Structure formats: structure tokens, C-alpha cells
> 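Next up is a structure, given as C-alpha cells.
Counting begins at 1 with the first residue of the sequence. These numbers come from a predicted model, not from an experiment. Just so you know, ligand 1 is whichever comes first in the structure, and atom 1 is the first atom listed for that ligand.
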Amino acid sequence: MEIFTYMEKYDYEQLVFCQDKNSGLKAIIAIHDTTLGPALGGTRMWTYDSEAEAIEDALRLAKGMTYKNAAAGLDLGGGKTVIIGDPKKDKNPEMFRAFGRYIQGLNGRYITAEDVGTTEDDMDLIHLETDFVTGTSEASSSGNPSPVTAYGIYKGIKAAAKEAFGEDSVKGRTIAIQGVGNVAYALCEYLHEEGAKLIVADINKAAVAKAVEAFDAKAVDPEDIYDVDCDIYSPCALGATINEETIPRLKAKVIAGSANNQLKTTEHGDIIHEKGIVYAPDYVINSGGVINVADELHGYNQARAKKKVETIYDSLNKVFEISRRDNIPTYVAADRMAEERIESVRNSRNQFLLNNHHVLSRR
Ligand SMILES: NC(=O)c1ccc[n+]([C@@H]2O[C@H](COP(=O)([O-])OP(=O)(O)OC[C@H]3O[C@@H](n4cnc5c(N)ncnc54)[C@H](O)[C@@H]3O)[C@@H](O)[C@H]2O)c1
Ligand SMILES: CC(C)C[C@H](N)C(=O)O
């Protein structure tokens, strides 16, 4: 990959490589766009096959955060970090402290949070070195974002159900859930409570057993989740599961889940649109976590954060409306919504100011 060509093509601002021999830290911070405010996005720890793959993931995820934060109405730009390593074997406290110092060096251009492979404990270690971290275990912090993300997904599934079936109740609907980790387990609680029938799959057998026991869910093998008879497919594991191989197998009328980057390519978003499947764009429906952690920047208030997460229902309705009106796929409608917001702020920031006011000034 020609890195500068790629950064120029998709308008990335900055890519930071962080190395610390003592702790084994190898991290890449990608800052995509800070028009709306400092870049906020989580830190992912993952075993990448190559450095190129890690860079690509950081870049892709950072751009996703720009769109997610913009669509959620937050005064925040988009960024993301990947740490190369196995979260089960390679972590040590010094690694996260060293990473915290790199974040501090960016002086507020980037604020981090949890993502796949990192936990509240890791955020606490980062917090020893910098204040530009959210989702720590402190009482004043928003804590683990997963349950709030799940609440947003639940509201989003209801909005998508209304669009597809004319009513937003999930009572009696069959919902196939791929991955029953932190977000999806909490999501199952909401869906089960409302009377949905759940089908679950996970490569982690213990996670499946827990969901079967708690929610009377039916379990299928991970590979079979695409073939089951269901009304709603909810991808809650990793990305790119909507692709040329899975689309012909899916029977659902709705795709709505928590995973980031669900469409393998935009072409797959076009195909599901043509097939009449209602797709809730990933970064709109899964913005509950970032809405929750972002609330910390104003002094965390759980009730206020929850209320804002509920607006995911309305944001999705708006996306579906634009999609219907202009006959465009929902992912295009969501992109337009986010880009229009960024553009309007960019255009209004044309005057010189010695000390720009931004969201961090309110801390
Ligand atoms: N945690 C959040 O607040 C949040 C916010 C926004 C988006 N997301 C996204 O939602 C997804 C889930 O996040 P999470 O925090 O619940 O992660 P998690 O790691 O707790 O859960 C993911 C689950 O998926 C399972 N899995 C992995 N590969 C699988 C496969 N091929 N088939 C079936 N199951 C598989 C894992 O075993 C695990 O149980 C991720 O894509 C994440 O980026 C999470
Ligand atoms: C809590 C957030 C800042 C990060 C989260 N993992 C997301 O993708 O939205």
C-alpha cells in the first residue's frame, strides 16, 4: 500500500507509529478527520498477519469513527488505534502506560476508549499517563460501553423492524445473532424480554451455552448462521460478513447488528438494497458506545447519555427515509447525512481564532 496516496485519497490527517521495546508496544494511531472536534475512537488489540494489515485496519476503523461520530451528532472527529499483539498473551501494564504517553503527546487531538481486545483495566493503565482516555473504572467515568451499545442496537433493530415489517415490536420475530460476546449478550436480554425468538452462534462454546441457558436461544454452528430461517440477521462478531458468499444464503428481511464494517465492500450494500433487505448502517446503529463515552467529556450523566442513545431510532428512520425518497442504499444515505454535517461545520469555520473553543474546553 502506498500510504500517502491512500491517506490523500480518503482525506486522512495523521498516522502515528508508536514503539516501545521495553513493553513490546507496537501501536498505530490513525486520525482521520478532526473537523468536528478531537478524534475519539477505541483501541483494538489484535494479532495481525502483517504490519500492512494492521495499518489498513487502523485507517479503515478511524474513518468509520469520523462517520459514526458525525452521524451521532457528536462534536468529535474520528480516530482509532490498533495495538499489534494477542490480547490474551501479550499484554502488560507497561505497554498501556507507554501507549498512554504517546496519546498524551498528541495533546488532545486523539482520545481513546475500549474496543475489541481491550478492557476497562487497560483504560485505567492508560489513564495513569493521560486524561485523554474514556471508559475507565473511575466512578466519574462511563465505564464499559458494551451494555449501552447493546441498548442502541436494540432501539435500532426496532427502527429497522418498523421499516421492514410496518411495526417495531420484535415479539415473535426470529432473530439470528452472530457472536454472543459483550454487546450481543446484553442485546439478547432486551430482545428476549420483548418476546423475540433467538438463534445464536459463536466460536466460543461457553458463550453459546450461556445464551441458550439464559434466553432459551437455539444454537447453531458458526458457519450455519447464514442459512437459518429468520426475520432479522444481527451480525455482532467481526466485520465483512455481508459478502458475495453470504448474501445468497441470508433469508432475513433486516440486517441490524453491532459489528463494525459489516459490508465487505460497498457493492455488497448495493446488492442487499436491490434485494429489498433493510440494512441498518453499522456505524449508525452501533454508536451507543461512543455516545456513552463521549458524554464523559461533559461530566458523565448516565440518564443524559441513555436519552441520546435513544436517538439512534430517529437517526435510522431518517436514513431509511432518505434511502426510500432517493432510491439509494441505506449506507449511501448514512454517508450523505454524516458528510453534510462535516461539510457544514467545515464551511462555517472560516474565521481566524487565536484560541479555538472545542469540546475539551468544557471538561
Ligand atoms: N463493545 C462496544 O461497545 C462496541 C461498540 C461499537 C461496535 N462494536 C463492535 O461490535 C462487535 C462485538 O463487540 P463486543 O464488544 O461484543 O466484542 P466481543 O469480543 O465481546 O464479542 C464478539 C464475539 O464474537 C465471537 N466471534 C468471533 N468470530 C466469530 C465467528 N466467526 N462466528 C461467530 N462468533 C464469532 C467471539 O467469540 C465473541 O464472543 C465488534 O465488531 C465491535 O467492534 C462494539
Ligand atoms: C466506545 C467506542 C469509542 C469504541 C467502540 N468500540 C466503537 O467502535 O464504537
Side-chain angles (χ1 to χ4, degrees), residues 38-46 57-58 60-72 74 76-82 87-88 110-120 122-123 132-136 141-153 156 176-188 199-211 219-226 233-243 246 256-262 280-297 305 309 312:
L40 173 59
T43 295
R44 177 168 295 196
M45 186 163 181
W46 196 250
D57 207 30
R60 212 169 38 96
L61 290 163
K63 183 162 178 254
M65 289 310 299
T66 297
Y67 281 76
K68 187 182 301 196
N69 294 339
L74 300 172
L76 292 164
K80 200 99 176 185
T81 298
V82 304
K88 291 202 182 82
Y110 171 67
I111 304 166
T112 201
E114 284 166 53
D115 194 64
V116 176
T118 57
T119 63
E120 228 171 59
D122 303 330
M123 298 306 120
F132 301 120
V133 54
T134 56
T136 64
S141 164
S142 62
N144 177 1
S146 303
V148 191
T149 301
Y151 183 60
I153 303 291
I177 301 178
Q178 181 182 47
V180 261
N182 290 322
V183 174
Y185 188 86
L187 170 66
C188 286
I199 303 175
V200 297
D202 198 297
I203 50 173
N204 177 346
K205 290 202 168 66
V208 172
K210 211 170 130 198
V220 296
D221 285 340
E223 238 327 284
D224 295 339
I225 195 75
Y226 306 109
Y233 164 59
S234 185
C236 296
L238 295 178
T241 65
I242 303 167
N243 56 50
T246 59
S258 74
N260 281 312
N261 301 323
Q262 293 170 23
D282 44 16
Y283 65 76
V284 181
I285 193 171
N286 75 13
S287 59
V290 78
I291 290 172
N292 194 50
V293 300
D295 197 81
E296 277 184 42
L297 305 174
V309 170
I312 290 174

> Residues in salt bridge (Lys or Arg N to Asp or Glu O under 4.0 Å) with Asp115, at least two apart?
Arg44, Lys80
> Walk me through whether Val116 and Trp46 qualify under side-chain contact (heavy atoms from CB on, under 4.5 Å).
CA-CA 8 Å; Val116 176; Trp46 196 250; 4.0 Å; yes
> Would you call Ser258 and Leu187 a side-chain contact if the rule is heavy atoms closer than 4.5 Å?
no
> Distances only, to 0.1 Å: what are the N or O pairs between ligand 1 and the protein that fall under 3.5 Å?
{"from": "ligand 1", "atom 1": "1 (N)", "to": "Ser146", "atom 2": "OG", "distance (Å)": "3.1"}
{"from": "ligand 1", "atom 1": "3 (O)", "to": "Thr149", "atom 2": "OG1", "distance (Å)": "2.7"}
{"from": "ligand 1", "atom 1": "10 (O)", "to": "Ser258", "atom 2": "O", "distance (Å)": "3.2"}
{"from": "ligand 1", "atom 1": "10 (O)", "to": "Ser258", "atom 2": "OG", "distance (Å)": "2.9"}
{"from": "ligand 1", "atom 1": "16 (O)", "to": "Asn182", "atom 2": "N", "distance (Å)": "3.2"}
{"from": "ligand 1", "atom 1": "16 (O)", "to": "Val183", "atom 2": "N", "distance (Å)": "2.9"}
{"from": "ligand 1", "atom 1": "20 (O)", "to": "Asn182", "atom 2": "N", "distance (Å)": "2.9"}
{"from": "ligand 1", "atom 1": "20 (O)", "to": "Asn182", "atom 2": "ND2", "distance (Å)": "3.1"}
{"from": "ligand 1", "atom 1": "37 (O)", "to": "Asp202", "atom 2": "OD1", "distance (Å)": "2.7"}
{"from": "ligand 1", "atom 1": "39 (O)", "to": "Asp202", "atom 2": "OD1", "distance (Å)": "3.4"}
{"from": "ligand 1", "atom 1": "39 (O)", "to": "Asp202", "atom 2": "OD2", "distance (Å)": "2.7"}
{"from": "ligand 1", "atom 1": "41 (O)", "to": "Ala237", "atom 2": "O", "distance (Å)": "2.6"}
{"from": "ligand 1", "atom 1": "43 (O)", "to": "Arg44", "atom 2": "NH2", "distance (Å)": "3.2"}
{"from": "ligand 1", "atom 1": "43 (O)", "to": "Asn260", "atom 2": "ND2", "distance (Å)": "3.0"}

> List in chain and number order the residues that pass ring-ring contact (aromatic ring centres under 6.0 Å, His included) with Tyr110, two or more places apart in sequence or in another chain; answer none if no residue qualifies.
none
> Could you go through the side-chain contact (heavy atoms from CB on, under 4.5 Å) check for Thr134 and Leu40 one step at a time?
CA-CA 9 Å; Thr134 56; Leu40 173 59; 4.3 Å; yes
> I need the contact type for Asn260 against ligand 2. Using non-hydrogen atoms and a strict under-4.0 Å cut-off, is it side chain, backbone, both or neither?
side chain
> Taking all non-hydrogen atoms of both residues into account, name the closest pair between Ala280 and Ala256 and its distance.
CB-CB, 4.0 Å
> What protein heavy atom sits nearest atom 4 (C) of ligand 2, and how far off is it?
Glu114 O, 3.4 Å
> Any idea which part of Lys68 is under 4.0 Å from ligand 2, heavy-atom wise: side chain, backbone, both or neither?
side chain
> Between Thr134, Asp115, Asp282, which one has a non-hydrogen atom sitting closest to atom 5 (C) of ligand 2?
Asp115
> To the nearest 0.1 Å, how far is atom 3 (C) of ligand 2 from its closest protein heavy atom, and which atom is that?
Ala113 CB, 3.5 Å
> Please work out whether any backbone atom (N, CA, C, O) or any side-chain heavy atom from C-beta onward of Arg44 is under 4.0 Å from ligand 2, and answer side chain, backbone, both or neither.
neither
> State if Val290 counts as touching ligand 2 under the rule of any non-hydrogen atom under 4.0 Å.
yes
> Could you go through Arg60 and Asp57, starting from their C-alpha distance and side-chain angles, then the distance that decides it, and tell me whether this counts as side-chain contact (heavy atoms from CB on, under 4.5 Å)?
CA-CA 5 Å; Arg60 212 169 38 96; Asp57 207 30; 2.3 Å; yes
> So, do Thr241 and Tyr233 sit near enough that their side-chain heavy atoms are less than 4.5 Å apart?
yes
> Looking at residues at least two apart in the chain, or sitting in another chain, which of them share a salt bridge (Lys or Arg N to Asp or Glu O under 4.0 Å) with Asp282?
none
